[in-house]
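Here the structure is laid out as structure tokens; the discussion comes afterwards.
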Amino acid sequence: MDRYLVFGHPVRHSKSPFIHTLFARQTQQELEYGLAEPAVDEFAHALRTFFDQGGKGCNVTVPFKEQAFTLVDCLSPRAKRAGAVNTIKLTDDGVLLGDNTDGAGLVADLKSHGVMLADSRILLLGAGGAARGALAPLLAELPSELVVTNRTHTKAQQLAAEFHDLGPVTAQTYEQLAGPFDLVINSTSASLQGELPPLAPVLIHTDIAIYDMMYGASDTAFISWAKQHGARQTMDGLGMLVEQAAEAFTVWRGIRPGTKQVLRELKRNLGVI
Ligand code: ATR
């Protein structure tokens, strides 16, 4: 049976096996999908061993995405832009192809929620790996403006300069931000420490769409905060998780699974509904 897995550390709580098992059932594909948690300095060896032993493809998550970028034989254009790899496929020619489906997953999820991206003013919080992966797919939707803001301003400036050729992206400090924005995307890891990005509440209004790439069984700290300040449309990153997985499944199997039912089952599994 064709074997796939996700590499991460820690990875025990990953929902990827659950999601891909449902995709395989739905599309009647014969495959198994597992977990691998190598020590941080043993990822390269573990990856090689997996493919030497007949593995067909894998996902890569924190903290290995940048390392995976350097270990594959070739890169998709979107992985090259993202500077990170979250999906690897062993091609029929024996080549390890590195791809990145995170940004596509974000855009697919935003669209499934009916969020208009064309001609919109988008504010992206954070300038780390998650923000980098999102920039090109967001700019491809032709927003009128995409502002990147980050606690460490130089990192936002670097990102804006790097993606400037793809569209109207600028960097501003949190203090400089002037609304109205149509969509705010939180790509920071602030909520992992129970913190909030230092966004002025005045930027939140009733017609704004709020997206947090994080998710949990209950509202993230950022979503709770945005709701308190009047945001009516809030979305967490669970849909992005399922959509990036669907994109990876499509890369591997050449068949696109449906995501709605799988997202519902995942929510039930997490106790969200
Ligand atoms: P990821 O790959 O998930 O993007 P990362 O590359 O470590 O993770 O980036 C984390 C991002 O969250 C950074 O933009 C970081 O800001 P700094 O560049 O200033 O470190 C941002 N971040 C983390 N904690 C934050 C906090 N409490 N407030 C605001 N931004 C925060």
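For ligands, and for the atoms within them, numbers begin at 1 and follow the listed sequence. Since the structure is predicted, the reported quantities are computational estimates derived from the model, not experimental observations.
The only option from Asn100, Asp109, Asn86 that meets the side chain to side chain donor-acceptor pair (under 3.5 Å) definition with Gln244 turns out to be Asn86.
Contacts between Gln193 and ligand 1, counted as non-hydrogen atom pairs separated by less than 4.0 Å, involve the side chain only. Within the 4.0 Å heavy-atom criterion, both parts of Arg151, backbone and side chain, lie near ligand 1. With a heavy-atom cut-off of 4.0 Å, Thr152 touches ligand 1 through backbone and side chain alike.
Remark: atom 24 (N) of ligand 1 lies closer than 4.0 Å to at least one protein heavy atom.
In this structure, the side chains of Phe7 and Cys58 come closer than 4.5 Å at one or more pairs of heavy atoms.
The contact set between ligand 1 and Asn150, taken as ligand atoms under 4.0 Å from a residue heavy atom, comprises 13 (C), 14 (O), 15 (C), 16 (O), 17 (P), 18 (O), 19 (O). Listed by number with element, the atoms of ligand 1 under 4.0 angstrom from any heavy atom of Lys155 are 17 (P), 18 (O), 20 (O). Of all the atoms in ligand 1, the ones that sit under 4.0 Å from a non-hydrogen atom of Gly126 are 14 (O).
A salt bridge is defined here as a Lys NZ or Arg NE, NH1 or NH2 lying under 4.0 Å from an Asp or Glu carboxylate O, and Arg25 with Glu265 fails to meet this definition.
Proximity of a side-chain donor or acceptor of His20 to a complementary backbone N or O of Leu5 within less than 3.5 Å is not detected.
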Go through it in stages, so that I can follow the logic: the residues are Arg81 and Glu162, the test is salt bridge (Lys or Arg N to Asp or Glu O under 4.0 Å), and I'd like the CA-CA distance, side-chain angles, deciding distance and then a yes or no. CA-CA 9 Å; Arg81 267 289 180 184; Glu162 203 176 308; 5.5 Å; no
